[in-house]
Amino acid sequence: MSQPRDAGIVIRPLKTWDEFLAAEELQRIVWKMSDWRDAVPGNLLIAAQKNGGLSLGAFDGDALVGFTFSFLARETARGMNQLKHHSHMLAVLPEYQARKIGARLKWAQREHVLAQGIDLITWTYDPLLALNARLNLVHLGAIACQYLPNAYGEMTDGLNAGLTSDRFQVEWWLNAPRVCARQDAPPPRTDWRDALHHAQLVFDLAFDENNLPRIAHVNDLRDETLLVEIPADLAAVKAFALDLAREWRTHTRQVLQDAFAGDWVATDFVTSREGARAAYVLTRAHRDPQDL
């Protein structure tokens with residue numbers, strides 16, 4: 001198996017109390033938490049680890065620079081009764097975020113979970129975050145077919161404040177062909193123009209004087225394949241016009257909920273070469289989504 005490597009970084013389970021405390025502090029740094037109550041405490045991380053859960057760390061020498069936490073759970077969507085891991089957190093220190101450590105943590109998590117005889121990991125992320133979408137759907141091969149409005153209530157940390165905490169719940173079927181194929185390399189980049197040619201564009205956009213995208217019109221969902229755009233840089237939209245970010249939340253929430261109810265599944269994510277446009281590719285699922 002070939003995965004992104006960084007010779008100076010070691011991925012392994014957390015072991016000592018000091019390492020679990022370091023995971024608490026890492027959460028506060030990455031999510032810019034002002035309230036200690038927002039972090040998952042070290043004692044809970046330890047309890048989960050001793051009972052089938054998993055806290056993996058990325059270490060640069062003795063320093064914890066990244067971490068992921070998952071716990072045993074059960075998936076009941078679409079009539080399933082499936083044992084799984086639910087991955088609650090993935091965090092990498094800002095100065096290490098260009099080194100593909102997040103992807104390494106996820107692939108290591110996959111190996112540990114498969115060793116438990118479990119073949120499904122789920123997690124949530126904000127569907128308006130383009131970088132997360134690309135990692136989850138393109139590089140890891142996860143899919144999304146559940147939309148959770150305001151999943152965590154009002155959040156006050158520096159990354160999430162200002163918007164309702166809507167989330168995709170993604171499914172990572174660890175033995176699915178699309179996931180196994182991505183162990184060696186991500187798939188070829190989908191060309192933006194080809195995507196436009198083969199899929200229905202759900203939103204018609206207009207751009208303001210700051211080149212910020214606004215949804216001018218929402219089209220009916222018709223085709224077998226849909227392109228649902230999101231801001232290429234949500235942080236920039238929030239910084240310049242929080243009301244515009246909230247409009248994006250409202251429109252995408254409705255469209256994505258309707259699409260998932262109509263059996264579309266988010267299977268891919270595309271961006272234009274200049275980076276100004278970004279969109280989910282939704283495919284009509286005529287078979288079990290885990291087999292896509």
Side-chain angles (χ1 to χ4, degrees), residues 1-6 11 68 84-85 87 90 92 97-111 113-114 119-147 168-202 223-234 252 256 259-260 263-292:
M1 178 173 70
S2 174
Q3 289 305 326
R5 294 297 179 209
D6 185 327
I11 308 292
T68 186
K84 66 175 184 178
H85 264 242
S87 186
L90 172 67
V92 177
Q97 288 177 3
R99 294 167 65 170
K100 299 183 179 179
I101 293 170
R104 284 190 61 191
L105 282 163
K106 294 304 292 184
W107 287 109
Q109 185 184 57
R110 176 180 181 267
E111 292 180 12
V113 171
L114 282 172
D119 65 357
L120 173 64
I121 302 176
T122 63
W123 62 89
T124 64
Y125 78 96
D126 188 331
L128 294 183
L129 292 176
L131 286 176
N132 297 53
R134 186 156 189 81
L135 170 65
N136 294 333
L137 302 190
V138 178
H139 291 278
L140 298 178
I143 61 172
C145 49
Q146 293 187 60
Y147 191 100
F168 272 173
Q169 178 165 295
V170 301
E171 298 175 6
W172 201 24
W173 292 95
L174 305 183
N175 289 315
R178 60 184 279 118
V179 174
C180 295
R182 285 158 172 78
Q183 292 181 80
D184 296 319
R189 185 185 183 97
T190 302
D191 183 78
W192 177 261
R193 288 171 296 183
D194 285 347
L196 287 176
H197 181 70
H198 292 102
Q200 176 200 346
L201 197 61
V202 174
D223 291 6
E224 288 293 292
T225 306
L226 308 174
L227 282 182
V228 180
E229 286 202 56
I230 64 170
D233 187 346
L234 178 63
T252 52
L256 290 165
F260 290 161
D263 293 328
W264 279 276
V265 177
T267 57
D268 200 358
F269 190 76
V270 295
T271 56
S272 60
R273 292 202 174 272
E274 69 278 7
R277 308 282 294 274
Y280 288 102
V281 179
L282 272 62
T283 305
R284 206 73 175 267
H286 297 294
R287 59 187 188 278
D288 192 320
Q290 67 178 294
D291 296 327
L292 290 170

Hey, could you give me the [atom1]/[atom2] distance between [X] and [Y], rounded to the nearest 0.5 Å?
| X | Y | atom1 | atom2 | value |
| --- | --- | --- | --- | --- |
| Ile11 | Leu105 | CD1 | CG | 4.0 Å |
| His85 | Thr122 | NE2 | OG1 | 10.5 Å |
| Asn136 | Thr124 | CG | OG1 | 10.0 Å |
| Leu90 | Gln109 | CG | CD | 8.0 Å |
| Asp233 | Leu129 | CG | CG | 9.5 Å |
| Leu140 | Arg178 | CG | CZ | 10.0 Å |

Do any N or O atoms from the side chain of [X] and from the backbone of [Y] form a donor-acceptor pair under 3.5 angstrom?
| X | Y | answer |
| --- | --- | --- |
| Glu111 | Ala108 | no |
| Arg110 | Val179 | no |
| Glu171 | Ile143 | no |

With sequence neighbours left out, what residues match Gln169 under side chain to side chain donor-acceptor pair (under 3.5 Å)?
Glu75
Tell me, please, which residues at least two apart from Trp264 pass side chain to side chain donor-acceptor pair (under 3.5 Å).
none
For residues [X] and [Y], determine if any side-chain heavy atom of one lies less than 4.5 Å from a side-chain heavy atom of the other.
| X | Y | answer |
| --- | --- | --- |
| Leu135 | Leu131 | no |
| Leu234 | Asp126 | yes |
| Gln146 | Phe260 | no |

Minimum heavy-atom separation for [X] to [Y], with atom names?
| X | Y | answer |
| --- | --- | --- |
| Leu174 | Cys180 | O-SG, 4.1 Å |
| Ala144 | Phe168 | CB-CD1, 3.7 Å |
| Cys145 | Val265 | CB-CG2, 4.1 Å |
| Pro187 | Arg182 | CG-NH2, 3.5 Å |
| Leu137 | Ala142 | CD2-O, 3.3 Å |

Qualifying side chain to side chain donor-acceptor pair (under 3.5 Å) pairs, either residue in residues 185-198, two or more places apart
Arg189-Thr271, Thr190-Asp268
Could you go through residues 274-281 and list every donor-acceptor pair under 3.5 Å that involves a side-chain atom there, pairing it with any protein atom two or more places apart or in another chain?
unit_1 : atom_1 : unit_2 : atom_2 : d
Glu274 : OE2    : Ser272 : OG     : 3.2
Arg277 : NE     : Glu229 : OE1    : 2.9
Arg277 : NE     : Glu229 : OE2    : 3.3
Arg277 : NH2    : Glu229 : OE2    : 2.6
Tyr280 : OH     : Tyr125 : OH     : 2.9
Tyr280 : OH     : Pro127 : O      : 2.7

Arg134 meets the salt bridge (Lys or Arg N to Asp or Glu O under 4.0 Å) criterion, sequence neighbours left out, with none
If the condition is salt bridge (Lys or Arg N to Asp or Glu O under 4.0 Å), which residues does Lys106 pass it with, not counting sequence neighbours?
none
In terms of the angle between their ring planes, are Trp172 and Trp123 parallel, tilted or perpendicular, with boundaries placed at 30° and 60°?
perpendicular
